[in-house]
Amino acid sequence: MSNPIAKFPNLMNYQPVDTTTAARFLPMVSVVVPIYNAETDLSALIACLSAQTYPKDCVEYLLVDNNSSDRTLALLQETAANSAIKISALSENQIQSSYAARNTGIRAATGEIIAFTDADCHPQPQWLESLIQPFVNSEVVIVAGEITALPGNSLLEQYAELQDILSQKHTLAHPFCAYGQTANLAIRRTALEKVGLFRPYLTTGGDADICWRILQQNLGRLEFAPQATVQHRHRTTLKELASQWRRYGRSNRYLHELHGIELMPELKLAEYGHRLARWMFKELPKNTVKAIAGKATLVDLFNTPITVFVIQARMAGQKNAKLPENAKIIAWL
């Protein structure tokens with residue numbers, strides 16, 4: 001594999017931002033949120049957006065319903081009419097894809113910077129302010145903020161939190177090239193004008209694809225803003241967890257076909273057996289003793305079998321996926 005730093009020069013800038021200068025840097029920002037059947041998440045999302053410290057006259061919120069079958073659109077329209085912040089309730093009914101919904105939001109946006117989060121995320125009050133500050137450097141074209149876990153009590157939520165499953169540290173360290181997840185990402189509008197928008201028919205992997213297309217054009221750098229935090233709820237059931245990791249596997253396949261990244265090597269049955277045998281006869285007895293002494297948790301006891309479960313789900317997603325021909329289409333402003 002070629003060196004990603006050589007392929008994408010000036011990949012990331014970790015130099016500190018001059019907060020005195022950044023404090024005067026207040027570009028117009030458009031926050032785009034795709035929403036599908038999220039009526040139970042809307043009130044918390046709106047509360048988080050309303051609590052942002054970024055000046056209210058410098059930001060607009062474009063909430064895009066993606067053909068929901070519940071009351072999401074009606075609630076969005078009601079919220080837009082009565083909110084103290086500037087909210088536009090939009091619809092994307094032609095294509096069932098969060099990326100198509102994001103494109104609808106981008107086309108309606110007036111901001112110099114386009115920021116993204118998701119309906120089930122809780123942006124913290126200084127999220128937007130911290131996410132925008134690195135753009136004071138004109139060489140920065142993409143900024144990724146951090147994604148942390150909402151407090152959860154179930155075994156699977158605790159496992160996901162222990163593994164930092166949604167942390168940007170994983171995507172920023174991608175062996176092919178760094179990228180940021182759209183749950184917490186901002187991009188200069190000028191970059192989108194030059195490389196295009198999201199692939200509207202793509203159903204997963206679009207965040208990596210758009211970041212890589214921008215970086216391949218050497219339009220500027222990607223920066224990580226760790227203080228720009230959103231909280232995200234982890235999956236609570238095995239069915240939801242398997243669906244999440246199958247989607248990650250499909251993303252691997254799609255990005256392999258679009259960008260030539262290496263596929264995840266398939267584990268043989270013997271390797272699964274070896275891991276589970278080591279867990280059963282070595283890890284489990286040791287951690288059980290620790291648990292009795294109050295030095296290990298339920299997550300410590302079942303970490304390995306859950307990991308094997310998600311690896312298998314990811315492999316199944318990768319193996320069974322094939323990129324649809326129309327998913328190669330890039331939308332434009």
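If you're wondering where the values come from, they're calculated on a predicted model, not measured in any experiment.
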Side-chain donor or acceptor of [X] paired with backbone N/O of [Y] under 3.5 Å:
X      : Y      : answer
Tyr99  : Gly206 : yes
Glu157 : Asn153 : yes
Arg188 : Phe135 : yes
Asn66  : Ile95  : yes
His256 : Ile261 : yes
Glu92  : Asp65  : no
Thr72  : Ser68  : no
Ser251 : Arg247 : no
Gln52  : Gln124 : yes
Thr171 : Tyr179 : yes

Between [X] and [Y], does the ring centroid distance fall short of 6.0 Å?
X      : Y      : answer
Phe176 : Trp212 : yes
Trp279 : His274 : no
Phe198 : Phe116 : yes

In terms of hydrophobic clustering (I, L, V, M, F, W, Y; side-chain heavy atoms under 4.5 Å; direct or indirect links), are [X] and [Y] co-clustered?
X      : Y      : result
Ile85  : Val31  : yes
Leu276 : Leu284 : no
Leu42  : Tyr36  : no
Leu202 : Trp332 : no
Leu238 : Val310 : yes

With a 4.5 Å heavy-atom cut-off, do [X] and [Y] have their side chains touching?
X      : Y      : value
Ile147 : Ser167 : no
Asn184 : Trp127 : yes
Arg199 : Arg213 : yes
Met28  : Val59  : no
Asn137 : Val140 : yes
Tyr61  : Leu128 : yes
Leu192 : Ile106 : yes
Gln244 : Leu166 : yes

Over all heavy atoms of both residues, which pair between [X] and [Y] is shortest? Give the atoms and the distance, please.
X      : Y      : result
Thr117 : Ala183 : OG1-O, 2.8 Å
Gly180 : Leu222 : N-CD1, 4.3 Å
His122 : Ala44  : NE2-CB, 3.6 Å
Leu215 : Ala178 : CD1-O, 3.7 Å
Ser83  : Ile87  : OG-CD1, 3.6 Å
Thr307 : Arg275 : CG2-NH1, 4.5 Å

Working to the nearest 0.5 angstrom, can you tell me the gap between [X] [atom1] and [Y] [atom2]?
X      : Y      : atom1 : atom2 : result
Ser97  : Arg102 : OG    : CZ    : 8.0 Å
Gln318 : Leu255 : CD    : CG    : 10.5 Å
Leu258 : Arg253 : CG    : CZ    : 12.0 Å
Gln312 : Trp245 : CD    : CH2   : 13.0 Å
Leu131 : Glu223 : CG    : CD    : 10.5 Å

Does the distance from a Lys or Arg side-chain N to an Asp or Glu carboxylate O, for Asp118 and Arg233, drop under 4.0 Å?
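So Asp118 does not pair with Arg233 through a salt bridge.
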I'd like to know if the side chain of Glu60 pairs up with that of Ser30 as donor and acceptor (distance under 3.5 Å, no hydrogens or angles considered).
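Note: Glu60 and Ser30 side chains meet the donor-acceptor criterion.
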Do Gln126 and Thr53 meet the criterion of a side-chain donor-acceptor pair at a distance under 3.5 Å?
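Note: Gln126 and Thr53 side chains miss the donor-acceptor criterion.
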Mind checking what makes salt bridge (Lys or Arg N to Asp or Glu O under 4.0 Å) contact with [X], not counting sequence neighbours?
X      : result
Glu193 : Arg189
Lys169 : Asp164
Glu266 : none

Can you tell me if [X] has over 12 outside heavy atoms packed within less than 6.0 Å of its [atom1]?
X      : atom1 : value
Gln96  : CD    : yes
Tyr201 : OH    : no
Gln94  : CD    : no

Test Met264 against Met315 for side chain to side chain contact (heavy atoms under 4.5 Å, CB included), laying out the working first.
CA-CA 8 Å; Met264 178 183 176; Met315 288 306 312; 3.7 Å; yes
Check the pair Thr229, Glu146 against side chain to side chain donor-acceptor pair (under 3.5 Å), reporting the backbone distance first and the verdict last.
CA-CA 5 Å; Thr229 305; Glu146 184 57 295; over 6 Å; no
Side chain to side chain contact (heavy atoms under 4.5 Å, CB included), that's the test. Do Glu112 and Val29 meet it? Break it down for me.
CA-CA 6 Å; Glu112 173 186 341; Val29 178; over 6 Å; no
Verify side chain to side chain donor-acceptor pair (under 3.5 Å) between Gln158 and Ser154, making sure each step is shown before the conclusion.
CA-CA 6 Å; Gln158 292 174 16; Ser154 74; over 6 Å; no
Working note: Val299 + Glu161, criterion side chain to side chain contact (heavy atoms under 4.5 Å, CB included); need CA distance, chi angles, decisive distance, verdict.
CA-CA 10 Å; Val299 178; Glu161 184 173 0; over 6 Å; no
Show your reasoning for whether salt bridge (charged side-chain N to carboxylate O under 4.0 Å, His left out) applies to Lys286 and Asp300.
CA-CA 10 Å; Lys286 181 174 68 175; Asp300 296 315; over 6 Å; no
Side chain to side chain contact (heavy atoms under 4.5 Å, CB included) assessment of Arg246 paired with Ser243
CA-CA 5 Å; Arg246 281 195 298 270; Ser243 177; 4.1 Å; yes
